[in-house]
Amino acid sequence: MKVVVGNNDYISELIANEFIKVINVKPNCVLGLATGTSPLKVYANLIKANKEGRVSFKDVSTFNLDEYIGLEGTHVQSYRYFMNDNLFNHIDIDKERTHVLKGTGDYLAYAKEYDNLIAQAGGIDIQILGIGSDGHIAFNEPGASFDSLTHVETLAESTIKDNSRLFNDISEVPTKAVTMGLKSIMNARKIVLIATGKNKAQAIYNLLKGPKTEQVPCSILQDHKDCTIYCDEEAYSLVK
Ligand code: F6R
């Protein structure tokens, strides 16, 4: 794993440039996308690059990591809504080629098909990840199998608490999610992970220095051949 430390503006620009490079080499590439606060500046940079004509998403396909169970894609806290609002509505992408797991209806059937859909699209060329304070990636919580494909996960108490900042009340945070598994993520050809803030320091320490164990889901990334960890000074503070 490579590590890059810098402020959020700096690392977000570097990550956006990695995406732009991949897309410009392979215009019909497959992007793996995340929601949450961490990738917001990366997406802002991609929107800017698209508007300036430095990159086109015309032939790109995307697959998102996860979705809350119980929320329709039109719900303001759903991850489909997040992606439309923070990226897809502002770039020249064909929405038909954007995939977000379903949180309602026959979400299990779609989840079961998801890894096949990714494979049929050619596999993920570049995957962006955030990280939970408990070391989760996507919504693979401590104890998730390193062999997991897309599945249903019960959210850890700490995740529900972390994510409650975006809801009116903690009781509104869904307790389950559908998520790509750790094996699904490891199949990506290139992975970039972004972490900022003191809240992520222990998870980044465990990722970079700790043993590889299913109790620390992100530790599986130690085995990935092309994975770069981008963090700010605060997230990196326990490693030094
Ligand atoms: C989101 C996701 C989660 C987040 C993580 C960090 O699609 O898969 O693993 O990346 O919970 O969230 P933020 O960035 O909001 O701190």
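Each residue takes its place number in the sequence, starting with 1. Just so you know, ligand 1 is whichever comes first in the structure, and atom 1 is the first atom listed for that ligand.
Using a distance-only test at 3.5 Å, with no hydrogens or angles considered, a donor-acceptor pair links the side chain of Gln222 to the main chain of Leu207. Without hydrogens or angle criteria, His90 side chain to Asn50 main chain gives no donor-acceptor distance under 3.5 Å.
For ligand 1, residues of the protein lying within 4.0 angstrom by heavy-atom distance are Ala34, Thr35, Gly36, Thr37, Ser38, Leu65, Asp66, Gly130, Ile131, His136, Ala138, Arg165, Lys200.
The stretch residues 31-48 participates, sequence neighbours left out, in these salt bridge (Lys or Arg N to Asp or Glu O under 4.0 Å) pairs: Asp9-Lys41, Lys48-Glu52.
Around atom OH of Tyr205, no more than 12 heavy atoms belonging to other residues, nucleotides or ligands sit under 6.0 Å away. Within a 6.0 Å sphere centred on CZ of Phe167, heavy atoms belonging to other residues, nucleotides or ligands number more than 12.
Geometrically, Lys95 does not engage Phe88 in a cation-pi contact, judged by NZ or CZ lying under 6.0 Å from the ring centre and within 45° of the ring axis.
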